[in-house]
Novice: 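Structure in structure tokens, see below.
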Amino acid sequence: MHRRIIAPGALAAASLLLAIPASAATYSPGAPGIGDPYYPDYGNGGYDVSHYDLRLKYQPATDELEGTATLLARTTQDLSRFNLDFLLDVAEVRVNGAKASFTSSGEHELEITPKTPLAKGTDVTVVVRYSGVPSSKQAYGFTSWHRTPDGGVAANEPEAAWWWFPSNDHPLDKATYDVSVLVPDGSQAISNGTLQSTSSRLGWTRYNWRSNKPQATYLATLAVGKFDVTTGTTESGIPVVNAYSKDLGDNYGAARASIERTGEIADWLTEYFGPYPFNALGGYVPNTTTGYALETQTRPYYSPRQFANGTNTSVVVHELAHQWYGDLVSVSQWKDIWVNEGFARYAQWLWSEHEGEGTAQELADYTYASHPADDPFWTVRPGDPGPENQFDIAVYDRGALALQALRNEIGDEAFFTILKGWPKKYAYGNASVADFRKYAEAVSGQQLGALFDTWLFQASKPAAPAAAGASIARTSAAPQHPKSWKKIAETNTVHEHEHEDGHGHGH
């Protein structure tokens, strides 16, 4: 009897000893990148974030940011450790309540080792306490944090999050957000989504913003400064919050005259793209020196320079079109950028038509004619432009040309069915250029491989007949540009910072 008690115990002990190394061996570190060919270290492997809760305090005078980020995630493998993308100084990390060890590596990796390894399919809560001066931080030789005379702004593509919150920084991992920001009285904090509440105490005001639909990390934004804020409601009932820096100077009137039309333009876009996909709208213009605008979800960022020559509704059309093409449906990989930019540019062509300043066909003809065959414009392949050309003008203009060619090939009925059906099919998810081609073929009932290849993947000027039929084939020595051309061209700098900041070095 005595021996019978010992034997199972001894066996259990032996099997326990065997079990520890065997099971521990299955736990491995999450990859430092999510697997994007353009940006191998962006995003991370091993987990998926569902929600970010960011509780921040920002001092505009010194650019000091303090934060506590709470991430709700789920493991996608047996994890021994995992990374977040982040640049500021970390004081403490807790994983499921227990203190975790952490270190920084690479250009923007925060490596976290939880006290106990995490089994696949586990819900995980990660709390990161941090602080720092965002404007003092660089990665790959650039910064995505804009210091302004009265504060700071986080807005850039493909990366902006590293400067203000730890994240899984790739469009494949979308999440909902609560962003709560404490700023000195007299300053405002602008972010995405709806303003849930504000409260003031002892010289500080807290702004609580909420994004209740999945949002990619680069589409999350933060702006602190002194703003004039306007509020309204679109005809369809969506609340609109716009913010204009008080020191825009001569650009103030034009900025406001453009962005105050956000609700009208969004309602107009629903005719082409289907119902507006979020519960908030707006735009903001801080006093930055950049030349670009960015489709930050529900509330695009505009630089004052967009309005230097007067009103520019075309740039508002571009950024709002992205709410469907880019935000509701996001790229699977950054090489799929055409599915964002070609469509946002085409929306500008449709707006030109709406405003009586040139039809989409006229704009296509002009674009085609204004770039001779030996123009480097035709060497950029919008369907896979490479990281150095990700925001090249060809991705926009040649990208929109591809859509006009598609429209002429399959006819208006199928074309506009696709424009409206695509955002619905991949709503709140991700999709690729290949997915779009498949979808266009399914809707039109036509094989479109050759057309997509010609317009998106060949590094040469397509022959005129393959272009938009007879009208594009006109060979006028000096084509007349449509009236809207200048306004649309003013948005060409929409992502020019990508070059300024040296993104073309293959990181």
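Numbering starts at 1 and runs along the sequence shown. Small disclaimer: the values here were computed from a predicted structure and weren't measured.
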Novice: Please tell me whether Phe273 and Tyr325 form a close aromatic pair, meaning their ring centres lie under 6.0 Å apart.
Specialist: yes
Novice: I'd like to check Ser236 versus Tyr276 (side-chain heavy atoms, cut-off strictly below 4.5 Å). Are they in contact?
Specialist: no
Novice: Evaluate the ring planes of Trp162 and Tyr140, with Trp represented by its six-membered ring, and classify them as parallel (under 30°), tilted (30 to 60°) or perpendicular (over 60°).
Specialist: tilted
Novice: Does atom NZ of Lys425 have more than 12 heavy-atom neighbours, drawn from other residues, nucleotides or ligands, at distances under 6.0 Å?
Specialist: no
Novice: Go through it in stages, so that I can follow the logic: the residues are Trp351 and Thr313, the test is side-chain hydrogen bond (donor to acceptor under 3.5 Å, both in side chains), and I'd like the CA-CA distance, side-chain angles, deciding distance and then a yes or no.
Specialist: CA-CA 9 Å; Trp351 179 252; Thr313 51; 3.1 Å; yes
Novice: If we ignore hydrogens and angles and just use 3.5 Å, is the side chain of Thr143 paired with the main-chain N or O of Trp145 as donor and acceptor?
Specialist: yes
Novice: Using the ring centroid of each side chain, check whether Phe343 and His322 are separated by less than 6.0 Å.
Specialist: no
Novice: Please give me the minimum heavy-atom distance between Glu409 and Leu448, naming the atom from each residue.
Specialist: CG-CD2, 4.1 Å
Novice: Should Arg210 and Tyr177 count as side-chain neighbours, where that means a heavy-atom distance under 4.5 Å?
Specialist: no
Novice: Checking Tyr428 side chain against Pro277 main chain: does a donor-acceptor pair fall under 3.5 Å?
Specialist: yes
Novice: Nearest 0.5 Å, what's the OG1-CD1 distance between Thr262 and Ile238?
Specialist: 13.0 Å
Novice: Report the distance from atom CG of Asn44 to atom CG of Asp169, rounding to the nearest 0.5 Å.
Specialist: 8.5 Å
Novice: Could you tell me if the side chain of Leu403 sits less than 4.5 Å from the side chain of Phe415, heavy atoms only?
Specialist: yes
Novice: Answer yes if the side chains of Gln361 and Asn408 hold a donor-acceptor pair under 3.5 Å, and no otherwise.
Specialist: yes
Novice: Apply side chain to side chain contact (heavy atoms under 4.5 Å, CB included) to Tyr284 and Tyr301, showing your working.
Specialist: CA-CA 5 Å; Tyr284 74 95; Tyr301 159 87; 3.5 Å; yes
Novice: I'd like to know if the side chain of Trp164 reaches the main chain of Leu56, judged simply by a donor and an acceptor atom lying under 3.5 Å from each other, with no hydrogens or angles considered.
Specialist: no
Novice: Sub-3.5 Å donor-acceptor pair from the side chain of Ser484 to the main-chain atoms of Glu357, do we have one?
Specialist: yes
Novice: So does Glu441 pair up with Lys438, basic N to acidic O under 4.0 Å?
Specialist: no
Novice: Does Arg299 reach the main-chain N or O of Leu281 with its side chain, forming a donor-acceptor pair under 3.5 Å?
Specialist: yes
Novice: With distance as the sole test, does Asn192 use its side chain to make a donor-acceptor pair with the main-chain N or O of Thr221 at under 3.5 Å?
Specialist: yes
Novice: Side chains of Gln138 and Phe142, heavy atoms from C-beta outward: is any pair under 4.5 Å?
Specialist: no
Novice: Please walk me through it: do Ser211 and Thr176 pass side chain to side chain contact (heavy atoms under 4.5 Å, CB included)?
Specialist: CA-CA 6 Å; Ser211 296; Thr176 53; 5.8 Å; no
Novice: Would one find more than 12 heavy atoms of other residues, nucleotides or ligands at under 6.0 Å from atom CG of Asp412?
Specialist: yes
Novice: Would you say the side-chain atoms of Asn242 pair up with the backbone N or O of Thr230, donor to acceptor, closer than 3.5 Å?
Specialist: no
Novice: Does the side chain of Thr359 pick up a donor-acceptor pair with the side chain of Glu353 at under 3.5 Å?
Specialist: no
Novice: When you measure from the side chain of Gln188 to the backbone N and O of Phe227, does any donor-acceptor pair fall under 3.5 Å?
Specialist: yes
Novice: Is the centre of the Trp338 ring less than 6.0 Å from the centre of the Phe457 ring?
Specialist: no
Novice: Can the ring centroids of Trp163 and Phe86 be said to lie less than 6.0 angstrom from one another?
Specialist: no
Novice: Identify whether NZ of Lys or CZ of Arg in Lys246 sits under 6.0 Å from the centre of the six-membered ring of Tyr252 and within 45° of that ring's axis.
Specialist: no
Novice: So, Asp63 and Ser135: side-chain donor and acceptor under 3.5 Å apart, yes or no?
Specialist: yes
Novice: Is the distance between the ring centroids of Tyr42 and His108 under 6.0 Å?
Specialist: yes
Novice: Is a donor from one side chain sitting under 3.5 angstrom from an acceptor on the other, for Gln215 and Asp327?
Specialist: no
Novice: Quick one: do Asp150 and Lys226 make a salt bridge, cutoff under 4.0 Å?
Specialist: no
Novice: Does the pair Ile190 and Val181 meet the rule for a side chain to side chain contact (heavy atoms under 4.5 Å, CB included), with working shown?
Specialist: CA-CA 9 Å; Ile190 307 294; Val181 193; over 6 Å; no
Novice: Does a side chain donor of either Asp435 or Ser432 reach within less than 3.5 Å of an acceptor in the other side chain?
Specialist: yes
Novice: Can you check whether Phe452's main-chain N or O pairs, donor with acceptor, with Arg437's side chain at less than 3.5 Å?
Specialist: no
Novice: Please report the shortest heavy-atom distance between Gly429 and Lys174, naming the atom on each side.
Specialist: O-NZ, 2.9 Å
Novice: Would a 4.5 Å heavy-atom cut-off, applied to side chains only, mark Val316 and Ile259 as touching?
Specialist: yes
Novice: Side-chain contact test, heavy atoms from C-beta onward, threshold under 4.5 Å: evaluate it for Trp349 versus Thr367 and give yes or no.
Specialist: yes
Novice: Any side-chain heavy atom of Tyr47 sitting closer than 4.5 Å to one from Asn168?
Specialist: yes
Novice: Between Glu341 and His318, do the side chains contain an N or O donor and an N or O acceptor separated by less than 3.5 Å?
Specialist: yes
Novice: Would you say Asp178 and His51 are linked by a side-chain donor-acceptor pair, where the criterion is simply a distance under 3.5 Å?
Specialist: yes
Novice: Between Asp85 and Glu109, is there a side-chain heavy-atom distance shorter than 4.5 Å?
Specialist: yes
Novice: Answer with yes or no after comparing the ring centroid distance for Trp324 and Trp422 against a 6.0 Å cut-off, counting only values under it.
Specialist: no
Novice: Might you point out which heavy atoms bring Ala405 and Leu451 nearest each other, and give the distance in Å?
Specialist: O-CD1, 3.7 Å
Novice: Side chains of Arg407 and Tyr346 only: does a donor on one sit below 3.5 Å from an acceptor on the other?
Specialist: yes
Novice: Main chain of Thr298, side chain of Gln323: is a donor-acceptor contact present, judged purely on distance under 3.5 Å?
Specialist: yes
Novice: Is the Tyr244-Phe307 ring centre distance short of 6.0 angstrom?
Specialist: no
Novice: Between Asn287 and Ser245, is any side-chain donor less than 3.5 angstrom from a side-chain acceptor?
Specialist: no
Novice: Show your reasoning for whether side chain to side chain contact (heavy atoms under 4.5 Å, CB included) applies to Tyr38 and Asp384.
Specialist: CA-CA 10 Å; Tyr38 283 14; Asp384 188 359; 2.4 Å; yes
Novice: Just by distance, no angles: are the side chains of Ser330 and Asn430 close enough, under 3.5 Å, to form a donor-acceptor pair?
Specialist: no
